[in-house]
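Numbered from 1 within each chain, the chains take letters A, B, ... in sequence-line order. Because only heavy atoms are used, hydrogens play no part in the values below, and waters and symmetry mates are left out as well, while side chains stay in.
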2 protein chains.
Amino acid sequence: MSKTEERLRGSGLKFTKQRQAILEILENAEQPLSAEQIYRDLAETKEVPASLSTVYRALDQMAGKNIVTKISLTGDGKALFELDCSLHRHYLYCLECGRILTIRSCPLGNYEETLTAETGFEIVGHKLNVYGYCPECRKKAQK
Amino acid sequence: MSKTEERLRGSGLKFTKQRQAILEILENAEQPLSAEQIYRDLAETKEVPASLSTVYRALDQMAGKNIVTKISLTGDGKALFELDCSLHRHYLYCLECGRILTIRSCPLGNYEETLTAETGFEIVGHKLNVYGYCPECRKKAQK
DNA sequence: TTTACTGCAAACGGTTTGCAAAAGG
DNA sequence: CCTTTTGCAAACCGTTTGCAGTAAA
């Protein structure tokens, strides 16, 4: 049983070519992808045509089972998806080319506890995204 | 000349009742508001009816002049607006009641410089939002 | 009187949904 | 078989836009 198959069956989801292909695409992606990008990849490189709504439904369900994670990063109202490896992470987003770097470290330390002490909130998590220009775009800009 | 009037005229924008009222609403708000909320407030409490598109256009223009700031916090594809006081800030969002607390301190210290050293990115800014449950909702949940 | 602003209604783009047909177990 | 999943088209929802009319300077 392949890893993608395990993930799906283990969550009680049916194992279909579409879902398999979606997971493979996410596995090979080096950054979070939009539903649209996955949809195009399915048709173009995987040759497993699936309707856009299927892609959305599959992603939603897999997000519900923590197989994938949905993030909103770009602020343009477009969601991105990546494989969930259940690690705490942040993103460094290039404002020029849209490239996304995943940051595995977290600079927040015990800030959440500090905030709880100050505000009385019970903190369950945070999102930190950093914006800037990647080395390649910086080089291009200099010329 | 009122403060709102100054802000508008100083940016080369015309001073209209709609914009005046929008700014007053934002001044009295204790948290960021959506275009929809502002729209309703205009009709209901200010009695200055303005179409939703006028609200959006006014906010967009004022955002362009740094009179207001547009933030996306909730992840549901709904933008929020607040008066821009050009201060660096973060938000603490209650997942239960939607209440938003503005945090004026920033725990990031010189993290941006660290990141630049590690990645080669030129960092221009970051967004940090913290999610949890406010004291009131925690109390209710206990019962 | 010139230019910016407004209202309306229609368009837009990403996402969701209802329904009947197809496929998984 | 029974249940889930799929495709299609239409609905949705926040936001944007074209245009003709109105108000600010």
message: By the 4.0 Å heavy-atom rule, please label B:Asp76 as base, sugar-phosphate, or nothing.
response: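 Answer is nothing: B:Asp76 stays at 4.0 Å or more from every strand.
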Give the rounded distance in Å between these two atoms: [atom1] of [X] and [atom2] of [N].
X: A:Gln20; N: C:dA23; atom1: CD; atom2: P; answer: 16 Å
X: B:Asp60; N: D:dT17; atom1: CG; atom2: C1'; answer: 12 Å
X: B:Gln37; N: D:dG14; atom1: CD; atom2: C1'; answer: 13 Å
X: A:Gln61; N: C:dT15; atom1: CD; atom2: P; answer: 17 Å
X: A:Glu5; N: C:dG25; atom1: CD; atom2: P; answer: 8 Å
X: A:Lys78; N: C:dC12; atom1: NZ; atom2: P; answer: 16 Å
X: A:Phe15; N: D:dT5; atom1: CZ; atom2: P; answer: 13 Å
X: A:Tyr39; N: C:dG13; atom1: OH; atom2: C1'; answer: 15 Å

Residue [X], side-chain atoms from C-beta onward, closest of [options]:
X: B:Leu52; options: D:dT15, D:dA25, C:dT15; answer: D:dT15
X: A:Thr16; options: C:dC5, D:dT16, D:dT6; answer: D:dT6
X: A:Gln18; options: D:dG7, C:dG7, C:dG14; answer: D:dG7

- prompt: Considering the options B:Lys3, B:Arg7, B:Lys46, which one meets the salt bridge (Lys or Arg N to Asp or Glu O under 4.0 Å) requirement together with B:Glu27?
  reply: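 Only one of B:Lys3, B:Arg7, B:Lys46 forms a salt bridge (Lys or Arg N to Asp or Glu O under 4.0 Å) with B:Glu27, namely B:Arg7.
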message: Is A:Lys14 close enough to C:dG25 that one of its side-chain N or O atoms is under 4.0 Å from OP1 or OP2 there?
response: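 So the side-chain polar atoms of A:Lys14 never come under 4.0 Å of the phosphate oxygens OP1 or OP2 of C:dG25.
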- request: Please determine if a side-chain N or O atom of B:Lys17 lies less than 4.0 Å away from the OP1 or OP2 oxygen of D:dA24.
  value: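 Yes.
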Which atom of [X] lies closest to which atom of [Y], heavy atoms considered:
X: A:Tyr131; Y: A:Leu92; value: N-CD1, 4.5 Å
X: A:Pro32; Y: A:Tyr91; value: CG-CE2, 4.0 Å
X: A:Tyr111; Y: B:Leu128; value: CE2-CD2, 4.4 Å

message: If you assign B:Ser51 and A:Phe81 each to the DNA chain C nucleotide with the nearest heavy atom, which residue ends up on the more 5' nucleotide?
response: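 It is B:Ser51, whose closest nucleotide lies nearer the 5' terminus.
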task: Between B:Arg19 and B:Ser53, just flag the one whose closest nucleotide in DNA chain C comes earlier from the 5' side.
output: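 The residue mapped nearer the 5' terminus is B:Arg19.
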- prompt: For A:Ala58 and B:Tyr56, take the nucleotide of DNA chain D holding the closest heavy atom to each; which residue's nucleotide lies nearer the 5' end?
  reply: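 The residue closer to the strand's 5' end, by nearest nucleotide, is A:Ala58.
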message: Taking the nucleotide of DNA chain D with the nearest heavy atom to each, does B:Leu13 or B:Ala79 sit closer to the 5' end?
response: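 Mapping each residue to its closest nucleotide by heavy atoms, the 5'-most match is B:Ala79.
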query: Does the base of D:dG7 carry an N or O that pairs as donor and acceptor with the side chain of A:Arg57 under 3.5 Å?
result: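 Present.
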- prompt: Is any NZ, NE, NH1 or NH2 atom of the basic residue among B:Glu82 and B:Arg89 found under 4.0 Å from an Asp or Glu carboxylate oxygen of the other?
  reply: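 Yes, B:Glu82 and B:Arg89 are salt-bridged.
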